[in-house]
Amino acid sequence: MDPRLVPLRRRFPMVADLERRARWRIPRFAFDFLQGGAGDETGMPRNRRALQSIEVMPRYGVKVGDVDPSAELFGHRYAAPVGIAPIGFDGIMWPGATRAFAEAAQALNLPYMVGTLATETIETVAALAPDVTWFQLYPLAAEDHRVTFDLADRAERAGAKVLAATLDVPARTKRPRDMRNGFGMPFRLTASLFAQAAVAWPWSMAIARRGIPTFANIVPYSGPGRDVTAAFVGKHVGGGFDWDALARLRDRWPRAMMVKGVMHPEDAERAVALGIDGIVVSNHGGRQFDAAPASVDVLPLVTAAVGDRATVMLDSGVTAGVDVLRALALGAKGVLAGRAFMLSLAALGDIGARHMGGAFIEELSLAMGQTGVTRVEDIPTLATRHPGAWSLP
């Protein structure tokens, strides 16, 4: 273990500890962008309550001295079934975030699903994390998806191991915190935002070193200049993939492919019918549609629908190793976590990504030992009680 991490584990054992520190280290507009949700923001706490309500019955009398939290996902054995989720405009929450995530993922042997709207290019990330890079793709439907498919081609050439097409952004959403802060695209430091930044001196110093970030993957299509790139993103990114575009993308992409943002089992079945290899059950962390069910509450429906025909992962609300255990006990093969990693960066600087990744590995190992399982593959044998689980007629 990196010796710098030892005292951090003691001082910041939980994500709530990181959140308190992050609140003063980054400007309010950046903190609200990270922690804000859609509409009345009921979706985010719903995700947490649903995960916390799941009980896992432990088994005792088992030797648990050799717990192994590693797991195979799409042909690669990772240190744990925990990936860093894609986070749009990550560099505005902590300057240099994309690079820090990539370096931590490679060092820890955890998957990193870098996003289309990250602040470093897919080529840079794949060079920093050649063994663990996955790429999350947003649709850009103009000109018959010319840019969409070119981004996929770039990810392939860069060596991304998995492509994840995002489904759950069919329309723009309303995020009141950003509206109140006057935070939007293109990003400009107004007098109010500048005042917030001046108080958050660790963030301001990082911005001074690295500059105001841009959507690096989009620059080749928009042309140079942050304002130009942001305007291009605002006009072209989003709208969701339709099934025809997904089928064409599946035909084009030669490696493992996932769809991210599935909530309904019939959508999962349709994706598998197209030859999709993986499903990410996600409500976008509560940032798109505040009336959506908690992701974990529909997870069993999706796993039952696809069986062993696809690798199912859970996203939204995961903040600790025990959440990983809960998801795997319900049939997921792995999880993605975004806010937890981002809060750790905001709280601790670049080393925060390694702190959070190490915490997930350690906490999953402890949770496995507490329940009497020594291999990730045995977690689904544990008995669970899931009061919020959805059922459909």
Side-chain angles (χ1 to χ4, degrees), residues 15 34-35 37-38 43-52 54 71 73-74 78 80-88 90 101 105 110-118 132 134-138 162-169 173 240-241 256-265 267-268 271 276-290 292-303 306 310-344 356-357 360 364 388 390:
V15 168
L34 169 58
Q35 290 293 78
M44 294 185 304
R46 184 180 300 119
N47 282 325
R48 286 301 304 148
R49 287 195 303 269
L51 275 163
Q52 290 168 336
I54 295 164
L73 296 168
F74 304 110
Y78 292 96
V82 182
I84 304 175
I87 303 172
D90 50 5
F101 287 145
L110 296 176
Y112 174 31
M113 186 184 284
V114 61
T116 298
L117 300 184
V132 299
W134 300 3
F135 184 57
Q136 174 252 11
L137 181 63
Y138 273 132
V162 179
L163 181 72
T166 296
L167 302 184
D168 57 357
V169 286
T173 191
F241 280 102
M257 180 174 163
M258 307 183 79
V259 288
K260 183 177 183 293
V262 170
M263 298 291 284
H264 198 290
D267 292 341
I276 301 297
D277 305 290
I279 308 288
V280 181
V281 179
S282 172
N283 64 17
H284 215 93
R287 289 173 64 80
Q288 282 298 118
F289 179 48
D290 39 329
S295 297
V296 76
D297 283 347
V298 299
L299 173 66
L301 286 175
V302 174
T303 57
V306 305
T311 297
V312 177
M313 299 184 69
L314 176 75
D315 170 79
S316 302
V318 175
T319 66
V322 70
D323 296 331
V324 184
L325 182 90
R326 286 165 164 145
L328 270 59
L330 295 176
K333 299 299 183 184
V335 306
L336 295 170
R339 279 193 179 94
F341 278 96
M342 196 70 245
L343 282 168
S344 194
M356 197 68 245
F360 269 117
L364 175 58
W390 265 62

For the student: nearest non-hydrogen atoms of [X] and [Y], plus distance:
X	Y	value
T303	A332	CG2-N, 4.3 Å
L336	A85	CB-CB, 3.9 Å
S316	S282	OG-OG, 3.3 Å
P265	L301	CB-O, 3.7 Å
F74	A256	CD2-CB, 3.6 Å
A294	N47	CA-OD1, 3.3 Å

Keeping the roles fixed (side chain from [X], backbone from [Y]), state whether a donor-acceptor pair exists under 3.5 Å.
X	Y	result
D290	G43	no
N283	F289	no
R46	A292	yes

Within a strict 4.5 Å, meaning less than it, do heavy atoms of the [X] and [Y] side chains meet?
X	Y	result
L364	P81	yes
R326	V318	no
T319	R48	yes
Q35	L343	yes
I84	L110	no
L163	L137	yes
I54	V296	yes

Query raised in the report: Does the side chain to side chain contact (heavy atoms under 4.5 Å, CB included) test come out yes or no for L51 and L314, once each step is laid out?
Result: CA-CA 11 Å; L51 275 163; L314 176 75; 4.3 Å; yes

Mind checking the [atom1]-[atom2] spacing from [X] to [Y]? Nearest 0.5 Å is all I need.
X	Y	atom1	atom2	answer
I276	M258	CD1	CE	10.0 Å
Q288	L167	CD	CG	12.0 Å
Y138	K260	OH	NZ	6.5 Å

Query raised in the report: D297: what forms a side chain to side chain donor-acceptor pair (under 3.5 Å) with it, not counting sequence neighbours?
Result: H386

Report task. Evaluate side chain to side chain contact (heavy atoms under 4.5 Å, CB included) for V335 paired with F360, printing each intermediate quantity in order. Result -> CA-CA 11 Å; V335 306; F360 269 117; 5.7 Å; no

Requested in this report: Could you list all the side chain to side chain donor-acceptor pair (under 3.5 Å) pairs where at least one residue sits in residues 327-344, not counting sequence neighbours?
Outcome: none

Query - side chain to side chain donor-acceptor pair (under 3.5 Å) partner of H284, the single match among T166, T173, D315, D168 - result: D168

